[in-house]
Amino acid sequence: MNNKRKILILGIILLITGFIVLGDWGKPESNLDKTEVNENIKADFSSILGTTWTNNKDDLSSSEISFYVEGLKDTKGFFEDFDIIFKVSDNNPEKAKLKVLINVNSINTDNKIRDKAIMEEDFFNSEKYPTIEFYSKKIKKMDSTFISKGIINMMGKRKELTFSFNHSGITNNKKGIKVAIFEGSLEIDRTSLGMDHVATVGDMVAIEFYCELIESKK
């Protein structure tokens, strides 16, 4: 093998290695446009008894569900298609009900190859389990936050899930639409919900959510 060919092959190897190690695997950016909140707004459910609230699917900048996984390549992404239904009982704020339905195929990590891999059998197996569902069994106010206890249904497994969230109150957004604002975060062990342990991928998934819900008139 002549020197020119050796140099060419070495260059190709270095190029491929550099792409794998240093390549840009996508860094998705948030599209949120948060509404400024008056800190004096009373953040409880007493003023919205008997109402139902949903995410505004016509305004994708008003709500977001993101996830982050540590590993050989840290992964951040978003679920871009989901439904949130928050229903407050007629007479008891603590009997409010929360339901979240996420379309797994809407994953966006700003890298189509990685998105496809995440949806295959080793991870979400979206062909067999296309949705993730959470529904609350109890919501209780604790000091300045709320605690939601319920069930997550993912990859054919049902597991109890508890997380805290903040309610910033009811206000009008920039378009003059009345919104109820909620945000929070949680961590889940993905292996407890049907995914296999992979040495290069962290087991714990950090999830953050922010939503400006609009009142449903149905």
Side-chain angles (χ1 to χ4, degrees), residues 30-67 78-108 129-155 157-186 188 193 207-218:
S30 172
N31 293 317
L32 277 178
D33 184 13
K34 295 184 179 182
T35 298
E36 292 186 9
V37 178
N38 184 339
E39 295 181 357
N40 295 322
I41 293 177
K42 186 178 181 181
D44 62 25
F45 305 152
S46 60
S47 64
I48 54 174
L49 292 175
T51 60
T52 299
W53 301 76
T54 62
N55 56 308
N56 185 356
K57 302 192 76 168
D58 293 328
D59 182 4
L60 300 183
S61 68
S62 64
S63 297
E64 179 178 275
I65 299 177
S66 66
F67 62 89
F78 300 96
F79 293 104
E80 297 191 329
D81 182 19
F82 52 88
D83 293 283
I84 300 173
I85 302 173
F86 181 70
K87 186 174 183 179
V88 188
S89 74
D90 291 334
N91 50 26
N92 188 346
E94 291 198 0
K95 289 185 178 181
K97 299 293 184 183
L98 172 65
K99 183 175 181 180
V100 181
L101 187 67
I102 299 173
N103 176 5
V104 173
N105 289 290
S106 71
I107 285 175
N108 175 20
Y129 305 108
T131 59
I132 300 171
E133 182 183 60
F134 171 81
Y135 60 89
S136 67
K137 298 177 72 175
K138 185 176 183 180
I139 295 178
K140 187 173 183 179
K141 187 170 184 180
M142 299 289 290
D143 298 325
S144 60
T145 64
F146 293 84
I147 305 295
S148 175
K149 295 182 178 182
I151 301 293
I152 185 171
N153 188 349
M154 174 177 155
M155 298 182 67
K157 293 184 178 292
R158 292 162 53 87
K159 183 179 176 64
E160 290 188 353
L161 180 65
T162 299
F163 61 89
S164 63
F165 65 91
N166 294 321
H167 173 38
S168 301
I170 313 296
T171 189
N172 290 334
N173 65 14
K174 295 176 182 178
K175 299 178 181 178
I177 300 173
K178 184 170 70 172
V179 293
I181 303 176
F182 303 88
E183 62 182 315
S185 61
L186 62 145
I188 59 172
L193 290 165
I207 298 174
E208 294 184 353
F209 61 89
Y210 175 91
C211 51
E212 298 184 4
L213 306 183
I214 57 175
E215 187 172 358
S216 173
K217 301 301 182 181
K218 294 181 180 181

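Atom CD1 of Ile177 sits about 9.0 Å away from atom CG of Asp58, to the nearest 0.5 Å. Between the CD1 atom of Ile132 and the CD1 atom of Ile65 there is a distance of 9.0 Å, given to the nearest 0.5 Å. The structure places OG of Ser164 at 11.5 Å from CG of Asp143, a figure rounded to the nearest 0.5 Å. The distance from the SG atom of Cys211 to the NZ atom of Lys34 is 11.0 Å, given to the nearest 0.5 Å. Note that the OG1 atom of Thr51 and the NZ atom of Lys217 stand 9.0 Å from one another [nearest 0.5 Å]. With rounding to the nearest 0.5 angstrom, the OG atom of Ser63 is 10.0 Å from the CD1 atom of Ile181.
Contacts of Tyr210 classified as ring-ring contact (aromatic ring centres under 6.0 Å, His included), with partners at least two apart in sequence or in another chain: none. Under the rule for a side-chain contact (heavy atoms from CB on, under 4.5 Å), the partners of Thr54 that lie at least two apart in sequence or sit in another chain are Ile85, Ile214, Ser216. Residues passing the side chain to side chain donor-acceptor pair (under 3.5 Å) test with Ser30 are Glu64, sequence neighbours excluded. Not a single side-chain contact (heavy atoms from CB on, under 4.5 Å) links Asp90 to another residue, sequence neighbours left out. Taking the ring-ring contact (aromatic ring centres under 6.0 Å, His included) definition, one finds that Phe78 meets it with nothing, sequence neighbours left out. Under the rule for a side chain to side chain donor-acceptor pair (under 3.5 Å), the partners of Asp81 that lie at least two apart in sequence or sit in another chain are Lys57, Asn103. Under the rule for a side chain to side chain donor-acceptor pair (under 3.5 Å), the partners of Thr35 that lie at least two apart in sequence or sit in another chain are Glu212. With sequence neighbours left out, the side chain to side chain donor-acceptor pair (under 3.5 Å) criterion links Glu80 to Asn108. Scored by the ring-ring contact (aromatic ring centres under 6.0 Å, His included) test, Phe45 finds Phe86, Phe146, His167 as partners (sequence neighbours excluded). Leu60 meets the side-chain contact (heavy atoms from CB on, under 4.5 Å) test with no other residue; sequence neighbours excluded.
Pairing each heavy atom of Leu193 with each of Met155, the nearest pair is O-CB, 3.5 Å. Contact detail for Trp53 and Lys178: the closest heavy-atom pair is CH2-CE, 3.8 Å. Val37 approaches Ser168 most closely through the heavy-atom pair CG1-O, 3.3 Å. Nearest approach of Leu186 to Ile188, heavy atoms of both residues: CD1-CG2, 3.8 Å. A pairwise comparison of heavy atoms in Ala180 and Ile170 identifies CB-CD1, 3.3 Å as the closest pair. When every heavy atom of Ser62 is checked against every heavy atom of Asn56, the shortest pair comes out as OG-O, 3.8 Å.
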Q | Worked check of side-chain contact (heavy atoms from CB on, under 4.5 Å) between Val179 and Thr171 | A | CA-CA 6 Å; Val179 293; Thr171 189; 4.2 Å; yes
Q: Determine, stepwise, if the pair Asn55 / Phe82 fulfils side-chain contact (heavy atoms from CB on, under 4.5 Å).
A: CA-CA 8 Å; Asn55 56 308; Phe82 52 88; 3.8 Å; yes
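Looking at heavy atoms from C-beta onward, Ile107 lies in side-chain contact with Phe79 at the 4.5 angstrom threshold. Counting heavy atoms from C-beta on, the side chains of Ile139 and Ser148 come closer than 4.5 Å.
For residues 157-177, the salt bridge (Lys or Arg N to Asp or Glu O under 4.0 Å) pairs, not counting sequence neighbours, are Asp33-Lys174, Asp59-Lys175. Within the structure, the salt bridge (Lys or Arg N to Asp or Glu O under 4.0 Å) test picks out the following pairs touching residues 92-102 (sequence neighbours left out): Lys99-Glu133.
Checked against Phe134 for a side-chain contact (heavy atoms from CB on, under 4.5 Å), the options Leu101, Ile102, Ile84, Leu98 give a single hit: Leu98.
Separation of the Phe163 and Phe209 ring centroids falls under the 6.0 Å cut-off.
Within 6.0 Å of CG in Asp83 there are more than 12 heavy atoms belonging to other residues, nucleotides or ligands.
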